[in-house]
There are 2 protein chains.
Amino acid sequence: MTGLLNKLSARGYKITPQRRIILQVLSDSDKHLSAEEIADKVKQIEPGISVATVYRNLNLLAEIGILSRLNLHEGPARYELNQGHNHHLVCLGCGNAIKLGVCPMQGEIKKIIEESGFEVDSHHFEITGYCQKCQARQKL
Amino acid sequence: MTGLLNKLSARGYKITPQRRIILQVLSDSDKHLSAEEIADKVKQIEPGISVATVYRNLNLLAEIGILSRLNLHEGPARYELNQGHNHHLVCLGCGNAIKLGVCPMQGEIKKIIEESGFEVDSHHFEITGYCQKCQARQKL
DNA sequence: ATAGCAGTTGATAATAATTATTATTTAGGA
DNA sequence: TCCTAAATAATAATTATTATCAACTGCTAT
Ligand SMILES: [Mn+2]
Ligand SMILES: [Mn+2]
Ligand SMILES: [Zn+2]
Ligand SMILES: [Zn+2]
């Protein structure tokens with residue numbers, strides 16, 4: 001938490017109560033949250049904070065690498081404290097995004113893409129389906 | 001073209017002038033087009049056609065497999081006549097979506113995902129960067 | 001050919017997610 | 001404490017798409 005705030009001021013950004021609370025909310029969560037979910041939790045702590053401030057800061061925090069933005073194929077973007085490069089199994093039942101410990105941008109595939117002459121900037125790999133909990137729920 | 005129209009009526013959908021024109025526009029294009037781009041071209045042929053009709057039919061045609069929808073990470077969805085399962089190299093310069101002849105959902109990665117107990121419904125792999133043309137353009 | 005009606009359309013309102021605008025406030029350095 | 005660039009709150013605007021609904025039309029059965 002303190003480290004995150006330091007990263008902000010080290011880059012010349014101010015440490016505002018709004019930013020503290022947004023980071024607190026994200027620290028307290030163990031899953032990805034949408035901007036709206038974050039704004040709701042933030043307002044439980046400090047009702048005066050504007051949703052625009054939440055969006056503004058989520059953008060900033062993602063830009064400087066404090067957060068990672070998970071831009072799902074559909075629905076709103078989701079955020080969490082940056083935990084490094086990852087891909088996800090996204091459940092159509094409960095919406096959970098489960099980290100997948102593997103990345104397709106390597107080995108043969110990486111080689112093929114490089115050899116095509118395309119200059120890679122970023123990549124995105126997303127699997128949708130049903131997590132084990134939701135599979136069990138369907139069978140009831 | 002005739003085959004596509006047959007597929008429509010075989011499923012109980014009517015062959016309307018609007019649908020003919022939308023399919024014509026897509027047949028005439030060699031790249032992905034957004035709904036708006038399609039609507040523009042459609043209106044050049046028949047100005048009275050509503051943009052809502054274009055959206056409505058793009059959804060229908062994608063649903064029954066006549067078109068494939070390319071839901072890019074950002075920006076509007078893009079459509080083309082269905083040419084089978086594919087992933088793309090999307091150029092940040094010119095917007096072109098170049099087909100990548102390979103799919104990560106196979107071999108080791110597929111096995112890892114299956115073994116996780118997650119029931120896969122679909123997957124999405126998208127590489128963004130710069131195509132060779134746009135790389136050359138940058139160097140000028 | 002004609003009538004009937006489910007399917008379709010055009011016009012427009014609504015929605016969802018996010019960004020832009022702008023007057024006001026504030027964090028943090030001098 | 002003062003100053004000012006940065007940040008905020010409130011709200012309008014934007015983008016892409018879907019929903020609504022009255023009017024229309026392709027097809028099928030007469
Ligand atoms: Mn990766
Ligand atoms: Mn694939
Ligand atoms: Zn689930
Ligand atoms: Zn390009």
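These numbers were taken from a predicted model, which means no experiment stands behind them. Letters go in sequence order (proteins before strands), and every chain restarts at 1.
First and last contacting nucleotides of DNA chain C toward chain B (any atom under 4.0 angstrom from a heavy atom, 5' to 3' order): C:dA6 to C:dT12.
Here the side chains of A:Tyr79 and A:Ile66 are not in contact, with every heavy-atom distance at 4.5 Å or above. Using a 4.5 Å cut-off on side-chain heavy atoms (C-beta onward), B:Val25 and B:Asp28 make no contact. Looking only at side-chain heavy atoms (C-beta outward), A:Ile127 and A:Val90 stay at 4.5 Å or farther from each other.
In this structure, A:Glu63 atom CD and D:dA6 atom P are separated by 15 Å, rounded to whole Å. Distance CD1 (A:Ile15) to P (D:dA7): 11 Å, rounded to an integer number of Å. Between the P atom of D:dT25 and the CD atom of B:Glu46 lies a distance of 12 Å, rounded to the nearest Å. A:Leu5 has its CG atom 14 Å from the P atom of D:dA7, to the nearest Å.
Each of B:Lys14 and A:Ser50 lies near DNA chain D, and the nucleotide nearest A:Ser50 is the one positioned closer to the 5' end. In terms of position on DNA chain D, the residue among B:Tyr13 and B:Gly75 whose nearest nucleotide sits closer to the 5' end is B:Gly75.
Checked by distance alone, A:Arg56 brings a side-chain donor or acceptor within 3.5 Å of a matching partner on the base of D:dA9.
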Could you go through residues 108-120 of chain A and list every donor-acceptor pair under 3.5 Å that involves a side-chain atom there, pairing it with any protein atom two or more places apart or in another chain?
{"residue": "A:Ser116", "atom": "OG", "partner": "A:Ile113", "partner atom": "O", "Å": "2.6"}
{"residue": "A:Ser116", "atom": "OG", "partner": "A:Phe118", "partner atom": "N", "Å": "3.3"}

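Side-chain polar atoms of A:His124 and A:His73 form no donor-acceptor pair below 3.5 angstrom. There is no side-chain donor-acceptor pair under 3.5 Å between A:His123 and B:His87.
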